[in-house]
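So the structure is just underneath, and the comments pick up after that.
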Amino acid sequence: MRTDESLHTAEAVRDAERWTPHNYHPLPVVIAEAKGAWVTDVDGRRYLDCLAGYSALNFGHRHPQLIAAAHAQLDRLTLTSRAFGHDMFADFCRELAELCGKDLVLPMNTGAEAVETGIKVARKWGYQVKGVPADQASIVVAEGNFHGRTTTIVGFSTDPDARDDFGPYAPGFRIVPYGDLAAIEAAIDDTTVAVLIEPIQGEQGVVVPPAGYLAGVRRVCTARNVLLLADEIQSGLGRTGETFACDHEGVVPDLYLLGKALGGGIVPVSAVVGDAAVLGVLRPGQHGSTFGGNPLACAVGTEVVRLLATGEFQRRSAELGARLHAGLRDLVGHGVLAVRGRGLWAGVDIDPALLTGRQACERLAERGVLVKDTHGSTIRLAPPLVISAAELDHAVAQLGAVLQES
Ligand SMILES: Cc1ncc(COP(=O)(O)O)c(C=O)c1O
């Protein structure tokens, strides 16, 4: 039995390091409770959460509507497996399909599973519909991608940390520079079944491609009979000020790959959403998941879709995002080299002569603001879409103060 006295950050960090492999290097913040945009650690310190679980917490911590849906479902039915039907499944699939303007929804659990599902569907579509010779299917992906951690996915990562020593790697992927439409066109041939792309590369540092790129990729895919798979796992569901990041260029992919915020910060829920002409290639026994589309996931996921259907969160993200970016731009020349992003999502390049990204995150945490570094001196801000203007101003002011004292 632990005493309250022992529930302190240093001990909790030590215990965690003792009992788990070090595949993460978390900030020394051990969270015990959370509500909305705020978290409280085991020592009672409060922090403004400006990472939001890499967008898994778009609606903030414990959004009342989502928690109520989860509670109600927990009291009734939690898991059936897909061997049987359940009474929450159809509504979830229908409402998510309608949000996406597509025919069908295939629910999975994690983002990586959604990506794997998209790859499998694209290959099967390639063989059965496009007529690609057996086992020849190729998929075009972008440098700097992050699509998850499975063995197939890390095989086409260009990040040595993610990829090295996990081979042999699955063949069938062609890597081209991100943002380079001509390179995609050149990489496509008769074996190509899909282009798999993040509309904004989050893990790479919130990298926004040049204007017209996504629309160009859509055009090329249509012209060459190649599926466009948009990994909107981090960029989708309100994060960028639209329902999907693809919306900014009026682009509709063949498959949306969704995750993170779809689970409302409560359960892992992912999905592949597309039309029957594509997703319809799957027959019984060819793909599945014990937990995919379980009743609890569907109950929460349906409420997530209903929150998004109001448009309120997309609006908040657009309006507050403009405020965030204006505030961050004011720091350029004062310790910030560059700011990128869209909506409530920003990648900030800190002057490496001042601080590493990690140091910036540590100093911000000391000032009660949580963000995450990536690739050297870049930090990422993705606050929950329920954050207030005053809270957002506070976060930017704290970053300014950190830079000023460095
Ligand atoms: C764009 C993108 N795709 C896929 C994933 C993988 O999701 P998960 O960690 O749920 O497997 C992530 C996770 O960060 C992501 O950002």
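First listed ligand is number 1; within each ligand, the first listed atom is number 1. These figures come from a predicted structure and were not determined experimentally.
When the options Tyr169, Phe173, Phe166 are evaluated for a ring pair (Phe, Tyr, Trp, His ring centres under 6.0 Å) with Phe156, the one that passes is Phe173.
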May I have the N/O to N/O pairs between ligand 1 and the protein that fall below 3.5 Å, each with atom names and distance to one decimal?
unit_1   : atom_1 : unit_2 : atom_2 : d
ligand 1 : 3 (N)  : Phe146 : O      : 3.4
ligand 1 : 3 (N)  : Asp231 : OD1    : 3.3
ligand 1 : 3 (N)  : Asp231 : OD2    : 2.7
ligand 1 : 10 (O) : Gly111 : N      : 2.8
ligand 1 : 11 (O) : Gly111 : N      : 3.4
ligand 1 : 11 (O) : Ala112 : N      : 2.8
ligand 1 : 14 (O) : Lys260 : NZ     : 2.8
ligand 1 : 16 (O) : Gln234 : NE2    : 2.6

Under 3.5 Å, which donor-acceptor pairs do the side chains of residues 252-263 form with other protein atoms, sequence neighbours left out?
unit_1 : atom_1 : unit_2 : atom_2 : d
Asp254 : OD2    : Arg218 : NH1    : 3.2
Asp254 : OD2    : Arg218 : NH2    : 3.0
Asp254 : OD2    : Leu228 : N      : 2.7

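How far CG of Leu296 is from CZ of Arg76: 11.0 Å, rounded to the nearest 0.5 Å.
Listed by first and then second residue, the ring pair (Phe, Tyr, Trp, His ring centres under 6.0 Å) pairs that reach into residues 177-221 are Tyr178-Tyr213, sequence neighbours excluded. The ring pair (Phe, Tyr, Trp, His ring centres under 6.0 Å) contacts involving residues 282-325 comprise Phe59-Phe313, where partners must be two or more places apart or lie in separate chains.
Glu198 places a side-chain N or O within donor-acceptor distance of the main-chain N or O of Phe146, the cut-off being under 3.5 Å.
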